[in-house]
Amino acid sequence: MTMRVKTAPLTYTILLTVIVSVIFLISVVVSIISLSNDQCNCSTAKVKYELVPQNRKKLISNKHKLAVLVPYRERFEELLEFAPYMNRFLDSQNVDHDIFILNQVDQFRFNRASLINAGFLQVKNDYDYVAMHDVDLLPLNPNLRYTYPEQPLHLAAPNLHPKYHYEKFIGGILLINSKQLELVNGLSNRYWGWGLEDDEFYVRLKDARLNVTRPENITSGVNDTFRHIHGKERKRDSTKCFNQREVTRRRDRHTGLHDVKFDVVSRKNMEIDGAPLLIINIRLHCNRTATPWCDCSTKKGDQKG
Ligand code: UDP
Ligand code: MN
């Protein structure tokens with residue numbers, strides 16, 4: 001009897017110890033598994049963290065900030081390629097950048113120059129330099145550097161652009177610092193429809209004694225330096241109406257950043273394949289007395305070309 005009384009608590013004690021140890025072991029195993037899950041979530045979260053513009057800026061400590069200004073209307077397929085590609089390209093060069101899609105939402109003809117003026121006025125206090133960037137032109141050669149330019153840097157140079165090869169060509173992709181863009185009063189607002197606004201801007205830079213520079217030591221040539229995503233379905237609006245032809249041939253010493261008229265209808269943050277961008281919906285105004293060719297639909301006998 002005494003023996004049994006003594007043995008029973010001993011057995012229970014051993015049993016209890018075993019149960020407690022098993023529970024302890026299970027909880028250790030469970031916590032190790034959940035810890036490794038946590039770590040896995042952490043690393044996913046870090047990738048997401050890097051793609052948010054605000055946070056990305058904290059990770060990159062470059063001095064100058066670039067605003068990529070993209071004049072835009074109805075080029076969605078091009079944009080789907082442009083945004084993720086450019087974001088990666090600029091990240092790989094450690095360029096602190098944000099992409100702005102300047103979406104023209106009024107009923108007038110496309111005005112690339114006024115969109116750039118309007119976009120610049122939105123960003124100029126926060127960015128040290130801009131890239132005026134066509135949505136359909138992708139840099140292929142990593143030696144095309146998007147770093148801060150002391151002088152205007154025309155990346156889509158005539159010896160590199162797939163289509164335009166004249167010496168004074170300055171379109172496609174142009175980098176310029178914010179001070180110099182202000183100095184020349186931006187671009188002319190008189191150019192509605194396709195063409196010539198870039199040529200007029202070239203003269204503005206020359207008159208202000210700025211040196212247009214071009215990339216050096218690029219050996220990839222006109223076919224392999226850029227990809228121009230421009231199918232036949234993308235027609236260029238080269239109609240001329242009223243006295244557009246005569247006026248737009250001339251240098252414009254009056255219009256630009258100071259007098260561009262527009263409303264920002266809305267701003268939308270977007271992400272395409274992880275690339276953050278800001279769409280700015282811009283309604284341009286047209287002074288029909290000064291530039292009646294912002295709308296050729298009322299004029300009979302429009303001329304093409
Ligand atoms: N663009 C646009 N929608 C238009 C016309 C032009 O978005 O209807 C923008 C777009 O960024 C394009 C740039 O303006 O890349 C230059 O126009 P386009 O490609 O027609 O000119 P190109 O340089 O090919 O002659
Ligand atoms: Mn094009």
Side-chain angles (χ1 to χ4, degrees), residues 67-87 89 99-120 130-140 144 146 154-176 186-202 222-223 225-240 244 248 260 262 265 268 270 272 275 277-284 286 293-297 304-305:
V68 180
L69 300 180
V70 185
Y72 179 89
R73 179 190 258 170
E74 291 169 2
R75 291 280 183 277
F76 193 58
E77 277 113 69
E78 291 87 332
L79 180 60
L80 291 180
E81 300 212 42
F82 176 85
Y85 183 87
M86 283 312 299
N87 195 48
F89 194 88
I99 298 175
F100 298 88
I101 305 302
L102 312 171
N103 184 32
Q104 187 175 339
V105 296
D106 52 75
Q107 297 305 308
F108 300 117
R109 298 169 72 201
F110 190 66
N111 190 329
R112 178 177 176 273
S114 291
L115 288 171
I116 294 170
N117 284 340
F120 178 67
V130 304
M132 306 175 186
H133 214 302
D134 284 2
V135 73
D136 64 2
L137 205 58
L138 306 185
L140 300 176
L144 295 165
Y146 281 72
H154 183 220
L155 283 182
N159 63 324
L160 304 173
H161 192 281
K163 188 172 165 68
Y164 299 112
H165 305 131
Y166 58 96
E167 182 48 35
K168 292 179 178 173
F169 174 63
I170 209 179
I173 308 167
L174 179 78
L175 270 55
I176 182 167
L187 300 89
S188 167
N189 295 308
R190 292 181 177 162
Y191 293 82
W192 303 89
W194 176 86
L196 291 184
E197 83 293 342
D198 45 356
D199 294 352
E200 202 279 339
F201 189 63
Y202 181 88
V222 294
N223 294 322
T225 307
F226 296 97
R227 177 170 165 226
H228 189 197
I229 321 170
H230 197 128
K232 288 195 168 52
E233 73 285 2
R234 297 302 194 211
K235 302 276 180 262
R236 296 179 174 91
D237 169 16
S238 49
T239 302
K240 302 282 181 288
Q244 177 177 9
T248 55
V260 61
F262 65 99
V265 177
K268 303 282 172 196
M270 241 181 100
I272 301 177
L277 47 125
L278 187 71
I279 312 261
I280 308 183
N281 288 321
I282 296 173
R283 188 190 297 130
L284 295 176
C286 169
W293 55 87
C294 60
D295 177 7
C296 288
S297 65
K304 280 271 176 193

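Whatever order the structure lists ligands and atoms in, that order sets their numbers, starting from 1. Just so you know, these numbers come straight off a predicted model, no measurement behind them. Position 1 is the first residue of the sequence, and the numbers go up from there.
Any N or O atom pair closer than 3.5 Å counts here, and R236 shares at least one such pair with ligand 1. At least one N/O-N/O distance between V135 and ligand 1 falls below 3.5 Å. Between H230 and ligand 1, an N or O atom pair is found at a separation short of 3.5 Å. Residue Y164 has at least one N or O atom closer than 3.5 Å to an N or O atom of ligand 1. Residue-to-ligand polar distances keep H133 apart from ligand 1: every N/O pair is separated by 3.5 Å or more.
Using modelled atom types and a 3.5 Å distance limit, the side chains of H228 and D136 yield a donor-acceptor pair. Counted by atom type alone, R109 and Q244 present one or more donor-acceptor pairs between their side chains at under 3.5 Å. A donor-acceptor contact closer than 3.5 angstrom is absent between the side chains of N111 and N189. Side chains of Y166 and D199: a donor on one and an acceptor on the other come within 3.5 Å.
Against a heavy-atom cut-off of under 4.0 Å, W194 is close to the following atoms of ligand 1: 21 (O), 22 (P), 25 (O). For ligand 1, the atoms lying closer than 4.0 Å to a non-hydrogen atom of H228 are 24 (O).
Although no hydrogens or angles enter the test, the distance criterion places no donor-acceptor pair under 3.5 Å between the side chain of E200 and the main chain of T248.
Its N, O or S atom nearest to the Mn ion (ligand 2) is what matters here, and for D136 that atom is OD2. Per residue H228, closest N, O or S atom to the Mn ion (ligand 2): atom name NE2. The N, O or S atom of H230 with the smallest distance to the Mn ion (ligand 2) is ND1.
At the shortest separation from atom 15 (O) of ligand 1 among protein heavy atoms lies D136 OD1, 3.0 Å. Nearest protein neighbour of atom 7 (O) of ligand 1, counting heavy atoms only, is R73 N, 2.8 Å.
There is a protein heavy atom closer than 4.0 angstrom to atom 3 (N) of ligand 1.
Contact detail for H154 and F169: the closest heavy-atom pair is CE1-O, 3.0 Å.
P71 counts as a contact of ligand 1, since one of its heavy atoms falls under 4.0 Å from the ligand. At least one heavy atom of R75 sits closer than 4.0 Å to an atom of ligand 1.
For the pair E78 and R234, the salt-bridge criterion is met [side-chain N within less than 4.0 Å of a carboxylate O]. Taking 4.0 Å as the cut-off between side-chain N and carboxylate O, R227 and E81 count as a salt-bridged pair. Taking a cutoff of 4.0 Å between a charged side-chain nitrogen and a carboxylate oxygen, R73 and D106 qualify as a salt bridge.
Counting heavy-atom neighbours within 6.0 Å of F76 CZ, excluding the residue itself, gives a total of 12 or less.
Of the heavy atoms in R234, none comes closer than 4.0 Å to ligand 1.
Distances from atom 12 (C) of ligand 1 to the heavy atoms of L79, D134, L115 put D134 nearest. In this structure, of F82, F110, Y72, the residue bringing a heavy atom nearest to atom 6 (C) of ligand 1 is F110.
I99 CD1 to F82 CZ: the interatomic distance, rounded to the nearest 0.5 Å, is 5.5 Å.
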